[in-house]
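Notes to accompany the following structure.
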Amino acid sequence: MAFWLMKTEPSYFSIDDLKRQKISMWDGVRNYQARNFMRAMKKGDTVLVYHSNKAPVGIAGIAEIVRVAYPDPTQFDVANEHHDKKATLETPRWDAVNIRFVKKFKQVLTLHELKNDPHFETMPVTQKGSRLSVQPVSEHHFKRVYKLGT
DNA sequence: GCCAACGTTGGC
DNA sequence: GCCAACGTTGGC
């Protein structure tokens with residue numbers, strides 16, 4: 001059982017969208033390191049859903065992996081903003097996973113709060129210039145987030 | 001393989 | 001909207 005953090009711009013896809021849809025495809029990841037982390041995800045793993053770019057920036061809730069990595073269909077779709085002309089059905093480049101809504105935090109656990117809590121000093125998301133959209137989370141960090149968020 | 005140019009992310 | 005910190009591309 002592993003823990004992950006995945007970033008989304010809430011104007012594009014938010015924890016409320018996930019709550020409404022119950023199960024959602026997490027697509028559009030176009031970074032190899034992030035993709036490789038997605039490939040390491042197992043059914044039942046826990047995901048911290050992180051809202052980027054729009055205040056309040058931070059962890060908005062929790063989801064669970066219900067389908068492991070499979071070729072992201074948006075890479076083949078010329079009309080999609082995430083279309084990749086170098087990807088083919090035979091040699092796909094990018095993967096998606098499916099997640100299930102678990103919990104929305106009463107309020108977003110903000111990046112500011114994470115940065116001000118010494119427990120999170122080594123958490124990747126609190127590091128300056130951390131752009132990786134899919135990150136592993138330690139159990140220690142997850143437990144602390146859970147405690148503060150719920 | 002180097003690295004400049006370019007594109008993107010994401011906090012602020 | 002700004003811009004630092006990246007990641008990617010492509011000429012050489």
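The chains referred to below are lettered A, B, ... by the order of the sequence lines, with proteins before strands, and numbering in each begins at 1. What you are looking at is a predicted structure, and each value in this text was computed from that prediction instead of being measured.
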Distance-only check: which donor-acceptor pairs under 3.5 Å involve side-chain atoms of residues 9-16 of chain A, not counting sequence neighbours?
{"residue": "E9(A)", "atom": "OE2", "partner": "N53(A)", "partner atom": "ND2", "Å": "3.1"}
{"residue": "S14(A)", "atom": "OG", "partner": "D16(A)", "partner atom": "N", "Å": "3.2"}
{"residue": "S14(A)", "atom": "OG", "partner": "D17(A)", "partner atom": "N", "Å": "3.2"}
{"residue": "S14(A)", "atom": "OG", "partner": "D17(A)", "partner atom": "OD2", "Å": "3.4"}
{"residue": "D16(A)", "atom": "OD1", "partner": "K104(A)", "partner atom": "NZ", "Å": "2.9"}

Salt bridge (charged side-chain N to carboxylate O under 4.0 Å, His left out) filter on D77(A), not counting sequence neighbours, yields none
The side chain to side chain donor-acceptor pair (under 3.5 Å) partners of T74(A) (sequence neighbours excluded) come to R30(A), D72(A)
Here the distance between atom P of dG11(B) and atom NZ of K7(A), to the nearest Å, is 6 Å
In whole angstroms, the gap separating C1' of dG11(B) from CD of E9(A) amounts to 12 Å
Expected list for residues 52-60 of chain A near DNA chain B, using heavy atoms below 4.0 Å, is S52(A), N53(A), V57(A)
In numerical order, the residues of residues 110-121 of chain A whose heavy atoms come under 4.0 Å of DNA chain B are L111(A), K115(A)
With sequence neighbours left out, the residues meeting ring pair (Phe, Tyr, Trp, His ring centres under 6.0 Å) with F101(A) are none
Reading nucleotides 3-8 of chain B from 5' to 3' and marking B where a protein heavy atom lies under 4.0 Å of the base, S where only the sugar-phosphate is that close, and - otherwise, the string is ----BB
By side chain to side chain contact (heavy atoms under 4.5 Å, CB included), P124(A) pairs with (sequence neighbours left out) Q135(A)
Residues joined to V66(A) in its hydrophobic cluster, side chain to side chain under 4.5 Å directly or through other members, sorted by chain and number, are I23(A)
Expected list for residues 83-91 of chain A near DNA chain C, using heavy atoms below 4.0 Å, is K86(A)
Can I get a per-line list of side-chain donor-acceptor pairs under 3.5 Å for residues 41-48 of chain A, giving both atom names and the distance, sequence neighbours left out?
{"residue": "D45(A)", "atom": "OD1", "partner": "A2(A)", "partner atom": "N", "Å": "3.0"}
{"residue": "D45(A)", "atom": "OD2", "partner": "W4(A)", "partner atom": "NE1", "Å": "3.0"}
{"residue": "D45(A)", "atom": "OD2", "partner": "K42(A)", "partner atom": "N", "Å": "2.9"}

Applied to residues 39-75 of chain A, the ring-ring contact (aromatic ring centres under 6.0 Å, His included) test, sequence neighbours excluded, yields none
